[in-house]
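Remarks on the structure that follows.
Source: prediction; values computed, not measured.
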Amino acid sequence: MTITAPAPTTTVGTTDPDRGHARAAGIFYLVTFAASMPALFLIGPVLNNHDYILGAGQDTRVLWGCLLDFVNAIAGIGSAVALFPVMKRYKESLALGFVTSRTLEAAVIMIGVVSLVAVVTLRQDLAGAQGTDSAALATVGQALVEVRNWTFLFGPGMMPAISAILLGTLMYRSRRVPRFMPIMGLIGAPLLLTANILTVLGHNTQLSALSGIATVPVALWELSIGLYMTFKGLKPAGLNQ
């Protein structure tokens, strides 16, 4: 008599194949918040003191802020790269555009980081040294700070609006997150772009009430999807809400 071994029991898998991508993207989004906010506080002395390059300075504090901005830039790229394999199924051109926008944002941030590191280096090497033209050094230092201020406008100021349009459209079409989330991004993006364009044209400032209000919807959009993807992942593909 031939005894046939029972067939192995097959358990229907409940693991979302996109869970790893979603968790990684969510964590990267949260890292951008965790790094960028302290960085802005830490680099405050060099931004707010026009004579920083000539004074005693708080170089260690500023350099830590620059390092956190570097982390912010890398995390921004990471969030887009992690989501690309998922989002390209819905519209590859938009997904690629999202990766490009985050990469460009990171590149602009790094220009600002290098500018502030240069201020610290010049202060350490030239401030108080014999033969140094203090007025010229102060002018160079302020110019480098202004470079950083403009990179802040065109990088983390302008590019998140572009990213919100691209990723918000993908998330809205795919329904992989609750729909109110991409709606926040899609509504906030034009507001943020408008405020920043007005700043470029001299009709607004980066620290105005208008800029602050225009930043809130996109910031909430990024924070909400960061938390959602980290702790819940993405909704199953094709599931209607």
Side-chain angles (χ1 to χ4, degrees), residues 25-44 46-48 65-66 68-80 83 97-113 115-116 145-172 177-230:
I27 291 173
F28 278 128
Y29 263 109
L30 296 182
V31 168
T32 62
F33 279 89
S36 61
M37 292 181 179
L40 190 59
F41 168 74
L42 290 171
I43 63 177
V46 69
L47 298 181
N48 300 323
C66 291
L68 287 176
D69 263 342
F70 172 76
V71 171
N72 176 29
I74 297 301
I77 297 175
S79 65
L83 276 178
F98 175 55
V99 174
T100 303
S101 69
R102 294 295 269 181
T103 303
L104 179 58
E105 178 183 351
V108 176
I109 289 173
M110 287 307 303
I111 294 172
V113 169
S115 297
L116 294 188
V145 170
E146 289 302 323
V147 169
R148 187 269 169 195
N149 288 338
W150 281 106
T151 62
F152 188 78
L153 177 65
F154 284 103
M158 192 84 74
M159 294 311 300
I162 305 299
S163 297
I165 293 172
L166 296 168
L167 182 60
T169 300
L170 288 166
M171 287 294 191
Y172 187 84
V177 298
R179 302 197 86 180
F180 77 89
M181 293 181 182
I183 288 174
M184 281 195 300
L186 292 172
I187 291 175
L191 297 176
L192 186 56
L193 282 174
T194 299
N196 286 327
I197 290 172
L198 290 174
T199 301
V200 172
L201 297 178
H203 302 299
N204 186 40
T205 65
Q206 294 187 51
L207 300 178
S208 70
L210 173 61
S211 295
I213 293 171
T215 300
V216 170
V218 171
L220 289 177
W221 143 251
E222 292 191 349
L223 181 60
S224 65
I225 62 168
L227 291 170
Y228 189 88
M229 291 191 296
T230 298

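Among all heavy-atom pairs drawn from Cys66 and Leu116, the shortest one is SG-CB, 3.7 Å. Considering all non-hydrogen atoms of both residues, Thr230 and Gly226 come closest at OG1-O, 2.6 Å. Between Glu105 and Pro156, the shortest heavy-atom contact is OE2-CA, 3.7 Å. Of all heavy-atom pairs between Pro217 and Met184, the closest is CB-O, 3.9 Å. Residue Ala39 comes nearest to Gly65 through the heavy atom pair CB-O, 3.4 Å, listed as atom of the first residue, atom of the second, then distance. A pairwise comparison of heavy atoms in Ser101 and Ser163 identifies OG-OG, 2.8 Å as the closest pair.
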Would Met171 and Trp221 count as a side chain to side chain contact (heavy atoms under 4.5 Å, CB included) here? Give the steps.
CA-CA 11 Å; Met171 287 294 191; Trp221 143 251; 4.1 Å; yes
Can Ser211 and Asn204 be said to form a side chain to side chain donor-acceptor pair (under 3.5 Å), step by step?
CA-CA 8 Å; Ser211 295; Asn204 186 40; 2.8 Å; yes
CA sep, side-chain torsions, deciding dist, call: Leu193, Met158, side chain to side chain contact (heavy atoms under 4.5 Å, CB included)
CA-CA 6 Å; Leu193 282 174; Met158 192 84 74; 3.5 Å; yes
Please evaluate residues Ile77 and Val99 with respect to the criterion side chain to side chain contact (heavy atoms under 4.5 Å, CB included), reporting the C-alpha separation (whole Å), side-chain torsions for both, the decisive distance (0.1 Å), and the verdict.
CA-CA 7 Å; Ile77 297 175; Val99 174; 5.9 Å; no
Evaluate the side chain to side chain contact (heavy atoms under 4.5 Å, CB included) criterion for residues Leu30 and Leu223: first the C-alpha distance (whole Å), next the side-chain angles of each, then the deciding distance (0.1 Å), finally the verdict.
CA-CA 7 Å; Leu30 296 182; Leu223 181 60; 4.0 Å; yes
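Taking the side chain as every heavy atom from C-beta outward, Asp69 and Ile43 approach each other to under 4.5 Å. Side-chain atoms of Leu198 and Thr194, non-hydrogen and from C-beta on, do get closer than 4.5 Å to each other. Side chains of Met159 and Phe154 form no contact here, defined as non-hydrogen atoms less than 4.5 Å apart. Looking at heavy atoms from C-beta onward, Ile225 lies in side-chain contact with Leu167 at the 4.5 angstrom threshold. In this structure the side chain of Val145 reaches within 4.5 angstrom of the side chain of Asn149, judged on heavy atoms.
The environment of Tyr172 atom OH is sparse: at most 12 non-hydrogen atoms of other residues, nucleotides or ligands sit within 6.0 angstrom. Residue-environment remark: CG (Leu207) stays at or below the threshold of 12 foreign heavy atoms within 6.0 Å.
Note: Phe98 CZ to Thr103 OG1 = 9.5 Å, rounded to the nearest 0.5 Å. Taking CG of Leu192 as the reference point, atom OG1 of Thr215 lies at 5.0 Å (rounded to 0.5 Å). Here Ile187 contributes atom CD1 and Phe180 contributes atom CZ; the two are 12.0 Å apart, rounded to the nearest 0.5 Å. Between the CD1 atom of Ile109 and the CZ atom of Phe152 there is a distance of 8.5 Å, given to the nearest 0.5 Å. In this structure, OG1 on Thr199 lies 7.5 Å from CG on Leu210, to the nearest 0.5 angstrom. One distance of note links CG of Leu166 with CG of Leu186; it measures 10.0 Å at 0.5 Å rounding.
At distances below 3.5 Å, at least one donor-acceptor pair connects side-chain atoms of Asn196 with backbone N or O atoms of Gly157. Arg102 contributes a side-chain N or O that, together with a main-chain N or O of Gly76, makes up a donor-acceptor pair within less than 3.5 Å. In this structure, Asn48 contributes its side chain and Gly44 its backbone to a donor-acceptor pair below 3.5 Å.
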